[in-house]
Amino acid sequence: MATDAEWERVRRNLRFGQVLRGTVVKVPSPGAIGIFVDVGLGVGGFVDVLLLPEQAEEWPAEGTVTDFEVWWADSRRQVRLKPSDPQYLRKDFADFVAGVRPLWPSDVGRPVRDSGPLTAQELASLLDRQER
């Protein structure tokens, strides 16, 4: 497991939507929790069941090498990923994002940050996006 310092170093360099090539290393309880992915950063990668197809047999199998996008990174010392390949992504992803994470399109390219207080510039940016 990565130390706090290693995790902060990795997270500081991540951007939402950043594409990482990864290998599926574990599919525990197919259909239940998600998949673990090695993206070569020294910290684990994980795709939540909510982002994967409803049918577990459509999930990428262990050993599958494919592209993933940075979806989230928080204090869990794990990069949360979403599949780039639509065959491995839930079929209603656009509707899912609109309901769960409507700012996702505008987050793409932004640095992954911790959940601490917003800076004045971040707050102004969020307010500006809401007014549009």
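Please read these numbers as outputs of a predicted model, since none were measured by experiment. One-based numbering along the sequence shown.
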J.: Cation-pi check for Trp7 against Arg12: NZ or CZ below 6.0 Å from the six-membered ring centre and within 45 degrees of the axis, yes or no?
T.: no
J.: Could you tell me if the side chain of Ile33 sits less than 4.5 Å from the side chain of Pro28, heavy atoms only?
T.: yes
J.: Can you give me the closest heavy-atom contact between Ala56 and Pro30, atom names plus distance?
T.: CB-C, 3.7 Å
J.: So, taking the atom named CG in Asp67 and the one named CG in Asp85, what distance separates them when rounded to the nearest 0.5 Å?
T.: 8.5 Å
J.: Might you confirm whether atom CD of Glu57 has over 12 heavy atoms from other residues, nucleotides or ligands at distances under 6.0 Å?
T.: yes
J.: Check whether any side-chain heavy atom of Leu89 sits under 4.5 Å from a side-chain heavy atom of Leu52, and report yes or no.
T.: no
J.: For a quick test of reading the model, state the closest non-hydrogen atom pair linking Pro83 to Val47 and the distance between them.
T.: CD-CG1, 3.8 Å
J.: Side chains of Val24 and Thr64, heavy atoms from C-beta outward: is any pair under 4.5 Å?
T.: yes
J.: Are Trp71 and Phe93 close enough that their ring centres sit under 6.0 Å apart?
T.: yes
J.: Between Leu20 and Gln18, is the side-chain contact (heavy atoms from CB on, under 4.5 Å) condition met? List the steps.
T.: CA-CA 6 Å; Leu20 303 171; Gln18 179 179 348; 3.8 Å; yes
J.: Do the side chains of Arg11 and Asp74 get close enough for a salt bridge, i.e. N-O under 4.0 angstrom?
T.: no
J.: How about Trp104 and Lys82: do any of their side-chain heavy atoms sit closer than 4.5 Å?
T.: yes
J.: Shortest non-hydrogen contact from Ala32 to Val49?
T.: O-CG1, 3.6 Å
J.: Answer yes if Val108 and Phe96 sit in the same cluster of Ile, Leu, Val, Met, Phe, Trp and Tyr residues linked by side chain heavy atoms under 4.5 Å apart, and no otherwise.
T.: yes
J.: Decide yes or no on side-chain contact (heavy atoms from CB on, under 4.5 Å) for Leu41 and Leu14, but give the supporting numbers first.
T.: CA-CA 10 Å; Leu41 295 177; Leu14 294 175; 4.0 Å; yes
J.: Would you say Tyr88 ends up clustered with Trp59 if hydrophobic residues are merged whenever their side chains have heavy atoms under 4.5 Å apart, either directly or through other cluster members?
T.: no
J.: Got a salt bridge between Glu58 and Arg90, using NZ or NE/NH1/NH2 to carboxylate O under 4.0 Å?
T.: no
J.: Quick one: does NZ or CZ of Lys26 land under 6.0 Å from the six-membered ring centre of Phe46, within 45 degrees of the ring axis?
T.: no
J.: Could you tell me if the side chain of Glu62 sits less than 4.5 Å from the side chain of Val25, heavy atoms only?
T.: no
J.: Do Pro60 and Ile35 have side-chain heavy atoms sitting under 4.5 Å apart?
T.: yes
J.: Check the pair Val27 / Phe36 against side-chain contact (heavy atoms from CB on, under 4.5 Å), numbers first and verdict last.
T.: CA-CA 7 Å; Val27 184; Phe36 292 91; over 6 Å; no
J.: State whether Arg9 and Glu6 are salt-bridged, where the test is any N-O pair (Lys NZ or Arg NE/NH1/NH2 against Asp/Glu carboxylate O) under 4.0 Å.
T.: no
J.: When rounded to the nearest 0.5 angstrom, what is the spacing between CG in Leu81 and CH2 in Trp72?
T.: 14.0 Å
J.: Could you walk me through whether Glu69 and Arg80 pass salt bridge (Lys or Arg N to Asp or Glu O under 4.0 Å), step by step?
T.: CA-CA 9 Å; Glu69 297 173 36; Arg80 295 298 179 127; over 6 Å; no
